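What follows is a single structure, written as structure tokens, with notes after it.
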Amino acid sequence: MRIKLIPNPSRRDYLGETVAQFGLIADNDALFALVDTGDRIELRKQDEPKLGPIYVDFAGGAVAHRRKFGGGKGQDIAKAVGISKGACPTILDGTAGLGRDSFIFASLGSSVQMVERHPVVAALLSDGLERAKRDKEIGSWVSERMSFTYSPSQSALSAGEEGELSFRPDVVYLDPMYPHPEGKKATALVKKEMRVFQSLVGGDNDADGLLDPALQMAKKRVVVKRPNYAPWLSDRKPSMSISMKKNRFDVYVLASMI
């Protein structure tokens, strides 16, 4: 993918290394730009500067607030993947995006492997993860519990333990992008990211193809996060669903675990 690069004078090689790692092509005329601020990598949409930058920050902001005050193991997302007082399942996040849900899983004690297939999103996630590993407050457990693979999700899910993944997970978690219908309300942050991501990434039109390999990979369950208005993934009825105000978690419990 072509993208404009705006390096920082203090570490001019950093963006060049990122481009090589994720197969990006530098293009000064590209609609999107990766900007090295010196502290982090940001994504900016060149023709809409008012949207502001998108970046990954596990140590501060909304993610840190959610970690501290989001409800711990009692929150719905923890219940969906089976995190409880006595259980911290290993989790593969097959559609990691900016890694927020993965970070919550790790903060609650689970080991999490994140998979992201879009090169620009992967670059942001990789940069945010490396900064989190150096953070004094969270760095030790982030380094122990969170890992990242850049690969098409279906390829990684099919690869198994002998392929690109470091472990076969108890749980596979999927949150594929789904079109946001006109008229649906969203927060300012979600609106901004939605505008940028729909233009940059588009929709996960092949998301239905993720369910079968996920069911084969997981030891215990597959959890799919969906908007309440969206159909079941691959039109397959889950074992149970946990509904929230705007979204739900469809939980597929493997037969051997019932």
Side-chain angles (χ1 to χ4, degrees), residues 70-118 145-149 151-180 203-258:
K73 295 181 178 180
Q75 57 191 304
D76 289 331
I77 193 171
K79 295 176 182 177
V81 298
I83 295 176
S84 63
K85 186 176 181 180
C88 290
T90 57
I91 300 172
L92 170 68
D93 186 345
T95 54
L98 298 178
R100 294 190 184 108
D101 289 343
S102 286
F103 180 74
I104 294 302
F105 300 146
S107 73
L108 297 176
S110 285
S111 293
V112 185
Q113 178 149 5
M114 302 178 289
V115 178
E116 175 52 46
R117 66 178 176 177
H118 193 280
R145 301 175 196 162
M146 297 184 73
S147 58
F148 167 66
T149 297
S151 171
S153 294
Q154 285 174 265
S155 172
L157 287 173
S158 301
E161 291 179 295
E162 298 179 358
E164 300 171 82
L165 306 181
S166 58
F167 58 79
R168 183 184 175 192
D170 296 318
V171 179
V172 174
Y173 178 79
L174 301 173
D175 181 12
M177 290 185 65
Y178 193 81
H180 189 78
D204 285 327
N205 296 323
D206 59 349
D208 284 344
L210 296 175
L211 187 56
D212 278 335
L215 290 168
Q216 294 173 19
M217 169 63 66
K219 293 179 181 179
K220 297 181 179 181
R221 65 176 66 183
V222 173
V223 178
V224 183
K225 184 178 180 181
R226 301 290 270 171
N228 283 329
Y229 55 84
W232 298 320
L233 196 63
S234 196
D235 289 325
R236 191 174 306 184
K237 184 178 180 179
S239 306
M240 62 179 180
S241 292
I242 299 175
S243 295
M244 301 170 291
K245 185 176 181 180
K246 297 180 180 179
N247 302 300
R248 70 177 190 272
F249 297 107
D250 292 336
V251 182
Y252 299 81
V253 180
L254 300 191
S256 60
M257 299 301 300
I258 298 176

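This structure is a prediction, so every number in the text was calculated from the model and none was measured.
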query: Got a sec, which residues hit ring-ring contact (aromatic ring centres under 6.0 Å, His included) with Y252, two or more places apart in sequence or on another chain?
result: none
- prompt: At their closest point, which heavy atom of V253 faces which heavy atom of R221, and how far apart are they?
  reply: CA-CB, 4.2 Å
Any donor-acceptor pair under 3.5 Å from E116 side chain to G97 backbone: yes
field: Shortest non-hydrogen separation from V224 to P176 and the atoms involved
entry: CG1-CD, 4.4 Å
statement: Closest non-hydrogen atoms of A214 and L174, given as atom of the first, atom of the second and distance, are CB-CD1, 4.1 Å
- line: For D235 and P231 the tightest heavy-atom approach is OD1-CB, 4.3 Å
- request: Determine, stepwise, if the pair L254 / K220 fulfils side chain to side chain contact (heavy atoms under 4.5 Å, CB included).
  value: CA-CA 6 Å; L254 300 191; K220 297 181 179 181; 5.7 Å; no
- request: Give a yes or no on whether the backbone of D208 and the side-chain of R236 come within a donor-acceptor separation of less than 3.5 Å.
  value: no
query: How long is the span from the OG atom in S147 to the CE atom in M114, to the nearest 0.5 Å?
result: 7.0 Å
- request: Can you see which heavy atom on S234 is nearest to which on L211, and at what distance?
  value: CB-CD2, 4.1 Å
query: Quick one: side-chain hydrogen bond (donor to acceptor under 3.5 Å, both in side chains) partners of S241, sequence neighbours excluded?
result: D250
- prompt: Among pairs that include at least one residue of residues 222-232, which meet salt bridge (charged side-chain N to carboxylate O under 4.0 Å, His left out), considering only residues two or more places apart or in two chains?
  reply: D101-K225
Donor-acceptor contacts under 3.5 Å from residues 74-91 side chains, at least two apart:
residue : atom : partner : partner atom : Å
Q75     : NE2  : G72     : O            : 2.9
T90     : OG1  : D170    : N            : 2.9
T90     : OG1  : D170    : OD2          : 3.2

task: Search all heavy atoms of S102 against all heavy atoms of D93 and return the closest pair with its distance.
output: OG-OD2, 2.7 Å
Heavy-atom check, side chain of L92 versus side chain of Q113, under 4.5 Å: yes
task: Over 60° means perpendicular and under 30° means parallel, so classify the ring planes of F249 and Y173, tilted if in between.
output: tilted
message: Can you list everything that forms a salt bridge (Lys or Arg N to Asp or Glu O under 4.0 Å) with R145? Sequence neighbours excluded, please.
response: none
message: Among residues at least two apart in sequence or on other chains, which ones pass side-chain hydrogen bond (donor to acceptor under 3.5 Å, both in side chains) with D175?
response: none
